[in-house]
2 protein chains.
Amino acid sequence: MCLQCDYESLLRASRLDVTDNRRRVLEVIGNNSYPLSAADIFQTLQRSAAINRVTVYRILDLLVAHGLVERISTGGRAAYFGLAPNEHHRPHPHFYCKRCGQMECLNPESLTLDSDAFGKTFPGRIDKVEVRLDGICKNCMR
Amino acid sequence: MCLQCDYESLLRASRLDVTDNRRRVLEVIGNNSYPLSAADIFQTLQRSAAINRVTVYRILDLLVAHGLVERISTGGRAAYFGLAPNEHHRPHPHFYCKRCGQMECLNPESLTLDSDAFGKTFPGRIDKVEVRLDGICKNCMR
DNA sequence: CCCATCGTGCAATAAAGTTGCATAGACCAA
DNA sequence: TTGGTCTATGCAACTTTATTGCACGATGGG
Ligand SMILES: [Mn+2]
Ligand SMILES: [Mn+2]
Ligand SMILES: [Zn+2]
Ligand SMILES: [Zn+2]
């Protein structure tokens, strides 16, 4: 959940036309405290007003391409989506429960790694560093 | 590439019957210096002797379940497979080139993170830590 | 008004992986 | 040897997740 983010402004800052659907997709992602799958987002949106599944995928691609949303891989098949790191959100690792499929955001301090130093010596372009822990969450443990 | 691994012994040590197909799948994975997709593995195997696509998937599942092979996620849709960490192979991060789809194994020292300490305080079970860098590889850069 | 562009919907398609079912060989007990 | 059971494999069908092609309506500038 991002209380400091104004989603319309975020869209405009990326020079994207603000449409209802784009704002709604970004809101669902930004108002949630953990990343969601495209199916989750689609279902949530459907509850308030009709939207097409393909439109959701296209908007997700768009928001990822413009750096507003981050595509996060899971140990499973579907991608998850969360707000991309920005001034209010530092990059952080995620935990993925392979039993219930819920993803958790971990504290940015909890696991640190010095990728800047590594990037200096790497002979390619690094766009993103993803740290994911897989396992069974607290709820699914008992 | 693992020069120290005897694939038949690895299978037997996991109490798996040694079949031609299982040995061949494990060999393709172990003899390669970077992780491969199921499709890559299937194609490679086809070149030496016929095998069914489904058999490859089933063997991969089996080897992953027994901890001989590691399933590695990419920024894309298909999973990649590499030898699981063992006494000869320390866990290490990977780099995934989103242009050519090639995955590289990075040096275990290159990016370190203290997940043991974190695990102590986490109220769930952590089975695996995956660190992946996404970007464009040296070859695709120019 | 005309035209171009854009956002969206809907149907079809694609990519990656999974499931159901049949069969052939291995193994074992009688 | 026979009969029974189990396992690995193959093949077809299917599922899940995502993408593409095409149509259409809204918008906005000349
Ligand atoms: Mn997060
Ligand atoms: Mn590796
Ligand atoms: Zn769970
Ligand atoms: Zn490349």
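Sequence lines set the chain letters: A, B, ... in the order given, protein chains first and strands last, and positions in each chain run from 1. Small disclaimer: the values here were computed from a predicted structure and weren't measured.
Results of the side chain to side chain contact (heavy atoms under 4.5 Å, CB included) test with F81(A) over D40(A), V28(A), I41(A), L36(A) single out I41(A) as the only residue that passes. Screening L83(B), L10(B), V69(B) for a side chain to side chain contact (heavy atoms under 4.5 Å, CB included) with L63(B), the sole residue that qualifies is V69(B). A side chain to side chain contact (heavy atoms under 4.5 Å, CB included) with Y7(A) is found for one member of N31(A), V25(A), L68(A) and no other, namely N31(A).
The shortest distance between side-chain heavy atoms of P85(A) and E70(A) falls below 4.5 Å. Here the side chains of S37(A) and Y80(A) are in contact, with some heavy-atom distance below 4.5 Å. Between R22(A) and L62(A), the closest side-chain pair of non-hydrogen atoms falls below 4.5 Å.
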Can you check each nucleotide of nucleotides 23-30 of chain D against protein heavy atoms at under 4.0 Å and return B for base, S for sugar-phosphate only, - for none, in 5' to 3' order? --------
Give the B/S/- string for nucleotides 6-19 of chain D, one per nucleotide from 5' to 3', where a protein heavy atom under 4.0 Å of the base yields B, of only the sugar-phosphate yields S, and otherwise -. --SBBBBB--BBBB
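Residues satisfying the ring-ring contact (aromatic ring centres under 6.0 Å, His included) test with F118(B), not counting sequence neighbours, are F122(B).
Summary of helix geometry: the two end axes of the helix from dC1(C)-dG30(D) to dA30(C)-dT1(D), each defined by five base pairs via their C1' atoms, are inclined to each other by 10° (rounded to 10°).
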Working note: H92(A) + N107(A), criterion side-chain contact (heavy atoms from CB on, under 4.5 Å); need CA distance, chi angles, decisive distance, verdict. CA-CA 6 Å; H92(A) 55 265; N107(A) 192 297; over 6 Å; no
May I have the step-by-step check of side-chain hydrogen bond (donor to acceptor under 3.5 Å, both in side chains) for N52(B) and T55(B), ending in yes or no? CA-CA 5 Å; N52(B) 190 272; T55(B) 301; 4.5 Å; no
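Between the side chain of T74(A) and the backbone N or O of A78(A) there is at least one donor-acceptor pair closer than 3.5 Å. The closest donor-acceptor contact from the side chain of K128(A) to the backbone of R71(A) lies under 3.5 Å. Remark: the backbone N or O of Y34(B) is not paired with any side-chain donor or acceptor of E104(B) at under 3.5 angstrom. Proximity of a side-chain donor or acceptor of R24(B) to a complementary backbone N or O of A49(B) within less than 3.5 Å is detected.
Heavy atoms only, all atoms of each residue included: G67(B) and A84(B) are closest at O-CB, 3.3 Å. Closest approach of A38(B) to L60(B), counting heavy atoms only: CB-CD1, 3.8 Å.
Taken residue by residue, residues 96-105 of chain A places no heavy atom nearer than 4.0 Å to DNA chain C.
Counting 5' to 3', DNA chain C first comes under 4.0 angstrom of a heavy atom of chain A and last does so at the ends given by dG7(C) to dG17(C).
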